[in-house]
Amino acid sequence: MMGVFVQEMLQLYLIAVVGFTVRKTKILNEEANHVLTQLILYITLPALILFSLNIQFSFALLGDFLWLMLMSAYILLLSIFLASWMRKRSQLSTNKKSVYEGLIIFGNQGYIGYAVVFAVFGEQGIVYLTMFNIVYFILIWIYGIYLFTRDTVAIEWKKIFLNPGVLFTSIGLIIFFLPISLPVMLANTLESVGKMTIPLSMILMGSLIANVSFKDILFLLKDKYIWKSAMAKLLFIPLLLLPFAAFSIPFSLFAVAFLVAGMPSAPTMSLYAQKFGGDALFASLGVLVSSLLCAFSIPLLYFILYLLY
């Protein structure tokens with residue numbers, strides 16, 4: 001099993017190398033990252049979510065759903081407390097403190113998370129991850145913005161419930177809980193489009209890394225808070241889920257939650273920083289470092305799972 005995991009991870013990272021190469025050689029231009037983000041966010045990821053939840057309801061799956069929601073709420077709550085504590089102990093400027101906190105709490109569960117989980121657990125893993133992400137999608141649109149504004153007026157409630165993650169997850173759950181299923185032709189179309197999320201996500205990751213200059217990379221190597229946020233996000237936070245391993249939770253169920261809790265920091269933090277007056281460069285570098293280090297941390301987390309089970 002460990003050998004299969006390593007092989008799948010290597011394939012994902014090779015796709016990221018493709019993204020890095022085509023951006024560096026300017027086959028993809030400066031607008032490519034925005035286009036890829038929009039394509040994934042509004043087309044391929046919603047299709048993947050709808051396809052993955054087009055399954056027959058069972059009480060066993062309902063139990064899985066409740067476990068995943070519990071683990072998601074638990075780990076996000078602990079992440080908030082940890083990030084708040086680390087923020088208070090830091091000596092960062094005000095416009096960096098909110099970024100620092102966001103980098104620790106919110107991971108790249110929508111892009112890299114789906115790529116990793118699908119590579120290891122297939123379609124069943126996508127079902128689990130979609131359920132696990134429900135709390136995350138709502139929180140990143142509420143608490144994520146609050147971190148930068150500290151003002152509830154700035155939270156756009158309409159956008160929270162109409163953003164693609166929350167909207168299509170809700171539609172998918174309605175399909176899941178009702179005794180209906182999508183027409184075969186539509187389901188096959190959603191499958192074909194949805195599975196593009198995985199390679200496109202890794203191409204986007206490689207392209208984002210290619211955008212950072214060598215000078216910026218040298219700068220980030222000197223900033224201890226970049227490294228602290230990455231270590232907390234990639235290693236310490238997923239380890240907080242280990243108490244759940246004492247319960248009789250199926251391996252794939254716990255593994256999805258455990259691995260996804262250790263995803264690199266969310267690129268959304270860079271967007272929030274730019275929009276709400278945070279330090280956008282600090283945010284981008286934080287995302288970059290954690291994205292690079294996840295190539296080592298994700299296999300390490302899986303090895304820990306291998307030892308536990």
Side-chain angles (χ1 to χ4, degrees), residues 12-13 16-17 19-24 28-34 36-37 40 79-80 82-113 115-116 140 143-145 147-149 201-238 261-298 300:
L12 289 181
Y13 296 138
V17 170
F20 179 89
T21 304
V22 296
R23 179 68 190 92
K24 277 296 187 184
L28 295 181
N29 60 25
E30 293 180 0
E31 298 298 319
N33 290 344
H34 175 71
L36 285 172
T37 300
I40 295 168
S79 298
I80 288 171
L82 174 65
S84 177
W85 179 76
M86 291 178 68
R87 171 195 171 107
K88 290 174 183 175
R89 290 174 59 86
S90 74
Q91 297 178 334
L92 293 166
S93 59
T94 303
N95 66 337
K96 284 186 177 180
K97 282 190 173 183
S98 295
V99 173
Y100 184 54
E101 204 169 350
L103 291 173
I104 295 167
I105 299 169
F106 298 107
N108 195 341
Q109 297 178 200
Y111 297 161
I112 300 178
V116 171
I140 197 171
Y143 194 73
I145 293 175
L147 288 177
F148 291 88
T149 64
S201 295
M202 299 312 295
I203 288 173
L204 175 61
M205 177 182 170
S207 181
L208 287 170
I209 292 172
N211 275 353
V212 181
S213 67
F214 183 70
K215 180 181 177 181
D216 288 337
I217 293 175
L218 290 179
F219 171 78
L220 68 88
L221 291 175
K222 301 175 184 178
D223 195 322
K224 66 180 180 180
Y225 292 108
I226 292 286
W227 295 99
K228 283 185 176 182
S229 66
M231 290 300 101
K233 184 71 198 75
L234 296 173
L235 294 176
F236 186 73
I237 287 175
M263 287 297 112
S265 300
T268 308
M269 292 304 104
S270 300
L271 302 178
Y272 284 172
Q274 191 167 5
K275 184 174 182 179
F276 298 113
D279 190 318
L281 176 60
F282 182 76
S284 298
L285 295 178
V287 172
L288 171 64
V289 169
S290 62
S291 296
L292 288 172
L293 292 179
C294 80
F296 305 98
S297 64
I298 293 175
L300 177 59

Next item on the list: List the atom of Ala83, the atom of Ile105, and the distance in Å for their closest heavy-atom pair.
Entry: CB-CG1, 3.5 Å

Note to self: Would you compute the distance between atom OG1 of Thr268 and atom CD of Gln109 and round it to the nearest 0.5 angstrom?
What the structure shows: 10.5 Å

Next item on the list: Could you tell me the separation between the OG atom of Ser98 and the CG atom of Asn95, rounded to the nearest 0.5 Å?
Entry: 8.5 Å

Notebook entry, point to check: At their closest point, which heavy atom of Ala115 faces which heavy atom of Met202, and how far apart are they?
Noted result: CB-SD, 3.9 Å

Checklist line | Non-hydrogen atoms of Ser265 and Val287 that approach each other most closely | finding: O-CG1, 3.7 Å

Next item on the list: Would you indicate whether the side-chain heavy atoms of Leu92 and Asp279 approach each other to under 4.5 Å?
Entry: no

Check: What distance separates Ile104 CD1 from Leu82 CG, expressed to the nearest 0.5 Å?
Finding: 6.0 Å

Margin query: Within the structure provided, determine whether Ile203 and Leu36 are in side-chain contact (heavy-atom separation under 4.5 Å).
Written below: yes

Item checked: Note, Pro264 side chain near Lys233 side chain (heavy atom, < 4.5 Å) -> no

Margin query: Students often mix this up, so state it plainly: with edges at 30° and 60°, are the rings of Phe282 and Tyr100 parallel, tilted or perpendicular?
Written below: tilted

Note to self: For Tyr13, I'd like to know if atom OH has over 12 heavy atoms of other residues, nucleotides or ligands within 6.0 Å.
What the structure shows: yes

Checklist line | Closest non-hydrogen atom pair between Ala273 and Phe148, with its separation | finding: CA-CE2, 3.7 Å

Check: If you take all heavy atoms of Gly286 and Leu103, which pair is closest and at what distance?
Finding: CA-CD1, 3.9 Å

Note to self: Is any side-chain heavy atom of Leu293 closer than 4.5 Å to one of Met231?
What the structure shows: yes

Check: Is Arg23 reaching over with its side chain to a backbone N or O of Leu28, donor-acceptor style, under 3.5 angstrom?
Finding: yes

Notebook entry, point to check: How are the rings of Phe106 and Tyr143 set relative to one another: parallel (under 30°), tilted (30 to 60°) or perpendicular (over 60°)?
Noted result: tilted

Item checked: With sequence neighbours excluded, residues passing side chain to side chain donor-acceptor pair (under 3.5 Å) with Ser207 -> Asn33

Next item on the list: Answer whether the closest heavy-atom distance between the side chains of Val99 and Tyr225 falls below 4.5 Å.
Entry: no

Item checked: Smallest separation among heavy atoms of Ala230 and Val289, with atom names -> CB-CG1, 4.1 Å

Item checked: Spacing of CD1 belonging to Ile112 relative to CE belonging to Met263, to within rounding of 0.5 Å -> 7.5 Å

Margin query: Using side-chain heavy atoms (C-beta onward) and a distance below 4.5 Å, is Leu300 in contact with Leu235?
Written below: yes

Check: How far apart are the C-alpha atoms of Lys97 and Ser90, what are their side-chain angles, what is the distance that settles it, and do they pass the side-chain contact (heavy atoms from CB on, under 4.5 Å) test?
Finding: CA-CA 8 Å; Lys97 282 190 173 183; Ser90 74; 3.6 Å; yes

Check: Taking side chain as C-beta onward, heavy atoms only, is Glu101 less than 4.5 Å from Ser84?
Finding: yes

Margin query: Any heavy-atom pair between the side chains of Ile140 and Met269 that's under 4.5 Å?
Written below: yes

